[in-house]
Amino acid sequence: MESPAVTFTLAYVVFSVCFVFTPNEFHSAGITVQNLLSGWLGSEDVAFVHYHIRRSTATLLAHSLLPMGYFIGLCFAAPEKELYNVHKAADGWKVFVLMAVLLPIATSILAFYWSQKRWSNHPLAKTLAHHALPQSSWRAVASSINTEFRRIDKFATGAPSARVIVTDTWVMKVTTYKVDVAQQQDIHLTVTDSRQHELSPDSNTPVQFITIRVASINPRVKPFDIRLNSTEYGELREKLHAPIRNAANIVIHQTLGDMFLDTFRSLVEANHTYEISSNQELEPCIGCMQTNANIKLVKYCQEANEGECQQCYCRPMWCLTCMGKWFASRQDQQHPETWLSSQVPCPTCRAKFCIVDVCIVR
């Protein structure tokens, strides 16, 4: 492909990925289906269920138009290719155009089918019907969800493409194309996975995400997973009526200090080690008196006379956990993004050190 075609293709791929998996920048600029079609979608706060029925349908239709948009845009970006003369185009382009035309036609037919019987054919309406009483319908369930969603005491978290919402009666997961719904009185919750990240893209601080499996005793309700920050775990438990099982014994860090200690430990384990003679005995840690001291501060971050860090001449007196707690306690609690790069004084001699200077005794 010539340069204009390559440039347009790369730009359109980036735009399409961002339009489907909407980053914060696109949300801020209003380049989302929800914002572009806000007049037709209505208000989520007023009618949560009907809003997401329309939103999921509109999102599917909008995304199905992306291949056709690429072809039309390429006709203008690279007119020398004469792609507008489809009958003269290469076989590959003919197949692409056929797929680009059929895809929105198929999604339009599907959207039309969903809209019949006042949206009773939509997947969300069918999901809600599984929770309806024998003499009732999915609209009664939708009314209950709409009412509870308007309350200010609901639990809501997550990115727009993977939101978790918990009300007094319902647990819901809102994704790009669907909404999973389960009734609190029917569910079993299990912690299934945990992912630790040393830096969060939003706050430059350690973050832990936990995955919880939501399984209903109603056989018609499919189980689904919700994912949230571990610091929100306590708030989630307060809103849920059922206990959360942790069969895998996953350690959940519910505070920033817990996550920092885990990151501190992993960084120190990658540092230089400090060797001691075989006849030297380590004393109990003076911080907890529970384990032997296993930390020695040695300046490795810079040369001896450079930087703010200083050489510490104290013998090993602290364990890794207590040294991590000391390091965290000396930080600016309002700016956790600076913790990993800061210096603190030795708890014994007050010589300044950073994380690079913390060595495990071998």
Side-chain angles (χ1 to χ4, degrees), residues 22 24 26-28 30 32-35 37-56 58-59 119 122 124-125 127-128 130-133 136-189 191 200 202-203 205 207-214 216 221 224-244 252-256 333-334 336:
T22 317
N24 292 333
F26 268 50
H27 276 285
S28 301
T32 63
V33 174
Q34 296 93 312
N35 185 69
L37 300 178
S38 58
W40 178 69
L41 296 177
S43 172
E44 183 185 47
D45 293 328
V46 174
F48 175 86
V49 172
H50 293 85
Y51 172 87
H52 284 286
I53 285 177
R54 295 190 182 98
R55 178 199 60 79
S56 58
T59 300
W119 295 103
H122 193 277
L124 178 53
T127 298
L128 298 185
H130 298 328
H131 300 283
L133 296 174
S136 183
S137 69
W138 70 271
R139 300 184 193 281
V141 179
S143 178
S144 172
I145 294 176
N146 292 341
T147 300
E148 293 191 13
F149 183 79
R150 286 194 288 267
R151 296 173 184 168
I152 61 174
D153 62 342
K154 63 180 178 293
F155 173 84
T157 187
S161 59
R163 292 170 63 201
V164 177
I165 301 168
V166 181
T167 67
D168 293 335
T169 310
W170 307 96
V171 176
M172 296 174 285
K173 177 184 177 182
V174 179
T175 58
T176 303
Y177 301 115
K178 64 181 295 190
V179 179
D180 292 301
V181 181
Q183 198 165 7
Q184 283 220 40
Q185 65 181 16
D186 296 338
I187 60 174
H188 297 292
L189 301 111
V191 178
S200 166
D202 298 326
S203 59
T205 58
V207 62
Q208 179 191 27
F209 290 101
I210 58 175
T211 303
I212 300 175
R213 185 74 165 175
V214 181
S216 176
V221 178
F224 57 92
D225 294 330
I226 58 175
R227 190 167 181 260
L228 70 155
N229 195 316
S230 62
T231 57
E232 300 169 319
Y233 181 73
E235 185 180 353
L236 173 67
R237 290 182 61 184
E238 291 178 1
K239 194 63 181 175
L240 291 169
H241 304 323
I244 302 177
I252 300 175
H253 304 303
Q254 298 188 47
T255 67
L256 182 60
Q333 303 300 312
Q334 302 301 318

Quiz prompt | Any T127 side-chain heavy atom under 4.5 Å of D180 side chain | solution = no
Quiz item: Is there a side-chain contact between I212 and L236, using heavy atoms and a 4.5 Å cut-off?
Solution: yes
Practice problem: Using a strict cut-off of less than 4.0 Å between a Lys/Arg side-chain nitrogen and an Asp/Glu carboxylate oxygen, indicate whether D153 and K239 qualify as a salt bridge. | Solution: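 Between K239 and D153 there is a salt bridge, with a charged N closer than 4.0 Å to a carboxylate O.
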Self-check item: Exam field: side chain S28 to backbone N24, donor-acceptor pair closer than 3.5 Å
Solution: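 Flag set: sc S28 to bb N24 pair under 3.5 Å.
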Quiz prompt | Donor-acceptor pair, side chain of Q34 and main chain of H27, under 3.5 angstrom | solution =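 Judged by distance alone, no pair lies under 3.5 Å.
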Using every non-hydrogen atom in the two residues, find where [X] and [Y] come nearest and quote the distance to one decimal.
X    : Y    : answer
R55  : T175 : NH2-O, 3.0 Å
A47  : N146 : C-OD1, 3.7 Å
S137 : A132 : O-CB, 3.6 Å
L41  : Y51  : O-CD1, 3.6 Å
E148 : D168 : OE1-N, 3.3 Å

So how far is it from [X] [atom1] to [Y] [atom2], rounded to the nearest 0.5 Å?
X    : Y    : atom1 : atom2 : answer
Q184 : L189 : CD    : CG    : 8.0 Å
L124 : H52  : CG    : NE2   : 8.5 Å
I226 : R163 : CD1   : CZ    : 13.5 Å
R150 : D45  : CZ    : CG    : 9.0 Å
W138 : I145 : CH2   : CD1   : 10.0 Å
F26  : N35  : CZ    : CG    : 12.5 Å

Self-check item: Partner set under ring pair (Phe, Tyr, Trp, His ring centres under 6.0 Å) for W170, not counting sequence neighbours
Solution: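 For W170 the ring pair (Phe, Tyr, Trp, His ring centres under 6.0 Å) partners, ignoring immediate neighbours, are H131.
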Self-check item: CA sep, side-chain torsions, deciding dist, call: V179, H122, side chain to side chain contact (heavy atoms under 4.5 Å, CB included)
Solution: CA-CA 11 Å; V179 179; H122 193 277; over 6 Å; no
Quiz item: Can Q185 and H241 be counted as having a side-chain donor-acceptor contact under 3.5 angstrom?
Solution: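 No pair is found: no donor N or O on one side chain lies under 3.5 Å from an acceptor on the other.
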Quiz item: Is the closest side-chain donor-acceptor distance between N229 and T231 under 3.5 Å?
Solution: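 The answer is yes; a qualifying pair exists.
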Quiz item: Are L37 and R54 close enough, and set up right, to give a side chain to side chain contact (heavy atoms under 4.5 Å, CB included), and what steps lead you there?
Solution: CA-CA 10 Å; L37 300 178; R54 295 190 182 98; over 6 Å; no
Practice problem: Check the surroundings of atom NZ in K154: do more than 12 heavy atoms from other residues, nucleotides or ligands lie under 6.0 Å from it? | Solution: yes
Quiz item: Can you check side chain to side chain contact (heavy atoms under 4.5 Å, CB included) on T167 and M172, steps first, answer last?
Solution: CA-CA 9 Å; T167 67; M172 296 174 285; 4.2 Å; yes
Exercise. Please report the C-alpha distance between F155 and E232 in whole Å, then the side-chain angles of each, then the deciding distance to 0.1 Å, and finally whether the side chain to side chain contact (heavy atoms under 4.5 Å, CB included) criterion is met.
Key: CA-CA 10 Å; F155 173 84; E232 300 169 319; 4.2 Å; yes
